[in-house]
Structures are given as C-alpha cells and as structure tokens.
Amino acid sequence: MSVPFVDVERLHAPLRADLMDAFARVISSGRYVMGPEVEAFEAEFAAALGVSHAVAVNSGTAALHLALVAAGIGPGDEVILPANTFIATAEAVSLAGASPVFVDVEPGTLNIDPDCVAEAITTNTRAIIPVHLYGRIANMPRLRALATRHRLLLVEDACQAHGAAQDGVYAGALGDVGCFSFYPTKNLGAIGEGGMLVTGDADIANAARSLRDHAQSERYRHWAPGFNYRLPELQAAGLRVCLPHLDGWNARRLDAARSYAEVLAGLPITLPAPAGQGEHVYHLYVVRSERRDALRAHLGARGVGVAIHYPYPIHLQEAYAACGLREGALPIVEASCREILSLPMHPYLEPREIAEVAAAIQAFTESRLEDVA
Ligand SMILES: *Cc1c(COP(=O)(O)O)cnc(C)c1O
C-alpha cells in the first residue's frame with residue numbers, strides 16, 4: 001500500500017460541484033481579473049481573520065514583497081528572518097532592495113529565536129519576518145516586544161499557518177502585516193496560485209492595494225513603478241468555495257497529528273514538540289532522525305511519500321553567498337536540515353495510512369537493529 005505525501009484531488013473531490021459552479025459564474029461574468037470575486041474574497045478572508053484590511057495578490061511571495069515595499073522598506077534597510085524557510089521569504093527582502101539578515105531558531109519548534117533576533121538588531125534594522133514554520137506560530141509576544149522597543153515592522157510569513165491562532169488571535173493578525181500563500185498544497189490552497197496580505201494599518205493596505213496594480217492613482221497615472229500582482233477572478237471564486245472548509249480541514253490535520261503521536265511513540269525518532277491549543281495547524285508533520293537519509297530512502301522504497309522542508313539552509317545557498325555567513329554560523333538550523341523529514345500530511349489522511357507509515361518506520365528501526373547485531 002502506498003501513502004501519498006499530499007492528495008489535493010481527495011481534498012477537492014467533495015467540493016467539485018461547488019467549484020464548477022463558481023468557475024462557471026466567472027466565465028459567464030466576462031470579468032476575469034480583479035472583479036467582484038476578488039472583492040468578496042478579500043472581505044470574507046478579512047472577516048474570518050478579524051482584520052480590517054485584506055489585499056489579494058497572485059502569490060505568497062508577492063504578498064511578502066508588497067508588505068515590505070508598502071511599508072517603505074528598501075535599499076540600506078536590514079530585515080531579520082530565519083534561515084530555515086522557503087526561499088521566498090528571503091527573496092521578498094531582496095526584491096525590495098533590502099538586506100536579509102539570517103538568524104538561528106529555537107531547537108524545539110524550529111521557529112525564529114527571539115534571543116537571536118535581539119542580537120541581530122542594528123541601527124539599520126527595519127523589520128522582522130517570523131515564519132510560522134510547518135503551521136506552528138512563532139513566539140509572537142517576545143517578537144512584538146522587540147519590535148515595539150526598536151520600532152520595527154513585524155511581518156508574519158503565515159504562508160504555512162492559515163487558521164492557526166495564539167491566544168485567540170489568528171496568524172496574520174498578530175503582527176503589523178500578515179502574508180499568506182494559496183499555493184495548492186497549503187492549508188488553504190487555490191486551483192492554481194494566489195496570495196493575500198492582511199493588516200490593520202490603513203496606509204500599508206492602501207499602498208499595497210495600489211502597488212499590486214502598477215501603482216495607478218487614476219487610469220494610466222502611476223505614482224511609482226508598481227507591479228502586476230493581481231489575483232485572477234477564477235482563483236478568488238475557487239478560494240471562496242474553500243475558505244469555509246479551512247477550520248474543518250485544520251481539525252482533521254490536528255487529528256492526524258494526534259494519531260501520529262500515538263502510533264510513533266517509542267520509536268527512535270523525534271516527534272514535533274507539543275503546541276498550545278490552536279497554535280499549530282500541521283501544514284507539515286515533521287519528525288527528526290539522526291539516520292534521516294536512510295529512513296527517507298526506506299520509506300520512499302516502501303511507497304510512503306516523504307519530503308524535506310527544507311534540505312539546504314538559505315544562508316549557505318549560492319543565491320545568498322553575499323550574506324557572508326559560513327557553515328557553522330547558525331548551528332540549530334544547520335543540524336535540523338540534516339535530520340528533518342516530513343511525513344504524509346493532509347486533511348484526508350486515513351487511519352490505515354497513518355498505521356502504514358508507522359509500520360514502515362517500525363520496520364526500518366528493526367532492520368537497523370539487525371544490522372547492528
Ligand atoms: C509557500 C511559501 C511561500 C511562498 O508562497 P508562494 O505562493 O509559493 O509564492 C513563502 N513562505 C513560506 C514559508 C511558504 O511556505
């Protein structure tokens with residue numbers, strides 16, 4: 001029996017008729033870009049998160065880039081971020097013309113370490129981008145305190161944390177600006193690409209809204225060189241169908257994570273650290289093993305879909321050689337990259353699939369014991 005890593009077809013099968021209706025409505029409307037579907041989706045997303053402004057864009061990368069540009073961050077400015085994220089977080093800083101400052105993470109959660117952030121702050125620092133990695137919210141109270149003390153913008157990369165909440169406040173609404181991706185495999189995914197910027201700051205919202213459409217003040221009058229970051233109507237219409245299901249999907253992910261914790265207990269792998277109520281929405285279920293590469297090969301050969309998020313720390317990537325950090329500079333991130341393994345995780349993971357993953361890991365453990373004996 002093979003266990004797919006993700007299965008978006010299984011997710012969308014029950015919604016097929018509703019999605020088709022929504023797409024048909026768009027086709028008949030003749031409005032294909034930035035029309036009533038985008039407006040309605042922005043309003044519904046803002047209401048669901050409890051934020052005053054939501055600006056739809058065409059990717060999570062675009063949302064992160066726009067957040068920085070809309071806040072006036074650019075050349076000469078430093079932005080602090082973790083080194084164990086998807087490359088897009090760093091790209092957004094570079095695209096804005098600012099300098100990324102990569103820091104280390106907490107060993108348990110693998111989220112950005114506020115102590116490392118505090119050490120990295122200089123007179124040029126303008127923003128911090130915590131990434132809610134794997135769906136777990138970063139230590140926002142301490143980051144907020146640092147941001148307030150040093151007057152820094154707090155931009156959440158919530159691209160893996162749709163619907164996660166800390167003390168009743170949703171990811172994306174905890175910082176000054178929150179950025180989401182609707183890439184198909186995210187907790188809320190489009191039938192294609194999409195993104196969203198949310199904020200309580202009307203100036204940032206207005207700037208982002210204008211910049212995403214070439215910074216037009218009136219038709220063919222442009223106050224700055226802007227971008228084409230517009231969200232197509234088809235994507236907004238599909239996302240409107242999916243949004244009401246997000247909490248239910250996240251609850252199913254949490255159930256799957258609990259089942260994993262039960263069946264994997266006692267095996268020689270490290271499970272995700274416990275999380276507070278609602279603080280982790282298990283975009284990914286990531287375990288750690290000192291024999292990660294052998295385990296990965298074993299699971300792959302047995303038909304269990306696994307992946308590594310992410311195998312190479314950004315500060316050691318060729319793309320960021322200019323940051324000047326060498327191997328050994330960020331030890332927690334670097335060690336984690338050698339040990340992390342993402343197991344199959346999605347809302348429709350079945351108990352027999354979870355049992356198969358556990359059996360496969362158990363078999364690996366036993367085969368290793370035989371090798372040693
Ligand atoms: C997916 C993701 C992004 C980028 O989103 P896109 O929609 O693919 O541009 C950024 N940051 C993190 C942490 C992500 O997981």
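As the structure lists them, so they are numbered: ligands from 1, and atoms in each ligand from 1. Computed from a prediction, not measured in an experiment: that's the story for all the values here.
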Nitrogen or oxygen contacts under 3.5 Å, ligand 1 side and protein side:
| residue | atom | partner | partner atom | Å |
| --- | --- | --- | --- | --- |
| ligand 1 | 5 (O) | S181 | OG | 3.3 |
| ligand 1 | 7 (O) | G60 | N | 2.8 |
| ligand 1 | 7 (O) | S181 | OG | 2.6 |
| ligand 1 | 9 (O) | G60 | N | 3.4 |
| ligand 1 | 9 (O) | T61 | N | 2.9 |
| ligand 1 | 9 (O) | T61 | OG1 | 2.4 |
| ligand 1 | 11 (N) | D157 | OD1 | 3.4 |
| ligand 1 | 11 (N) | D157 | OD2 | 2.8 |
| ligand 1 | 15 (O) | Q160 | NE2 | 2.9 |
| ligand 1 | 15 (O) | K186 | NZ | 2.7 |

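For the ring pair (Phe, Tyr, Trp, His ring centres under 6.0 Å) test, residues two or more places apart in sequence or in another chain that qualify with H65 are F227, Y229. Not a single ring pair (Phe, Tyr, Trp, His ring centres under 6.0 Å) links Y32 to another residue, sequence neighbours left out.
A salt bridge between E233 and R240 is absent, with no side-chain N of the basic residue lying under 4.0 Å from a carboxylate O of the acidic one. Here E78 does not pair with R126 in a salt bridge; the nearest charged N to carboxylate O distance is not below 4.0 Å.
Ring-centre distance between Y134 and Y285: not below the 6.0 Å cut-off.
For residues 80-115, the pairs satisfying ring pair (Phe, Tyr, Trp, His ring centres under 6.0 Å) are F86-Y310, F102-Y320, with sequence neighbours left out.
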